[in-house]
Amino acid sequence: MPGRTLAQLRRGTGRLLGLKYWPGTADSSGGTTTLIRDGDARSFPTSHFSGHFGIVTSGTDSGAIKYVSNFTNTSGDFAVTPAGSGATV
């Protein structure tokens, strides 16, 4: 049986639990310690991800779990807590 990547395990676990999954990539500009921007997420309705959790999978905060307190589709901005350690998380 072939091995599974961590990304595949996350996706499969989320699907089994009925969780929303978005394999997005934070944009290199526009983010702050409490804001993650992903322009590709603009196709989702406002508040689509609000009240859900996200996992940072690379960078300084890799492995951190973030609570999405608000999502704005016009910019693709995810307001998250707790704050990240870098200018963009």
Side-chain angles (χ1 to χ4, degrees):
M1 176 178 214
R4 301 279 185 244
T5 66
L6 188 53
Q8 290 170 323
L9 291 172
R10 282 188 191 114
R11 217 173 10 256
T13 301
R15 192 176 9 237
L16 287 172
L17 295 174
L19 303 174
K20 294 177 182 177
Y21 178 77
W22 170 250
T25 302
D27 295 346
S28 61
S29 64
T32 67
T33 58
T34 58
L35 182 83
I36 297 173
R37 178 168 289 164
D38 182 356
D40 292 337
R42 291 180 291 180
S43 62
F44 291 94
T46 289
S47 299
H48 182 76
F49 296 100
S50 298
H52 294 273
F53 291 87
I55 301 172
V56 179
T57 59
S58 64
T60 305
D61 290 329
S62 183
I65 297 173
K66 304 290 183 179
Y67 176 74
V68 180
S69 58
N70 191 38
F71 171 70
T72 307
N73 70 342
T74 54
S75 57
D77 288 349
F78 295 78
V80 297
T81 58
S85 60
T88 55
V89 292

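Computed from a predicted structure; not experimentally measured. These values consider heavy atoms only, across backbone and side chains, with no hydrogens, waters or symmetry-generated copies.
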Heavy-atom pair with the smallest gap, counting every atom of [X] and [Y]:
| X | Y | result |
| --- | --- | --- |
| F53 | I65 | CD2-CG2, 3.9 Å |
| D61 | G84 | OD2-CA, 3.1 Å |
| D38 | F78 | CB-CE1, 4.1 Å |
| T74 | R42 | O-CD, 3.5 Å |
| D40 | S43 | O-OG, 4.0 Å |

Side chain to side chain donor-acceptor pair (under 3.5 Å) with T5: which residues, sequence neighbours excluded?
-> Q8
Could I get the full list of ring-ring contact (aromatic ring centres under 6.0 Å, His included) partners for F44, not counting sequence neighbours?
-> W22, H48, F49
For N70, all residues meeting side-chain contact (heavy atoms from CB on, under 4.5 Å), sequence neighbours excluded = S47, S50, T72, A79
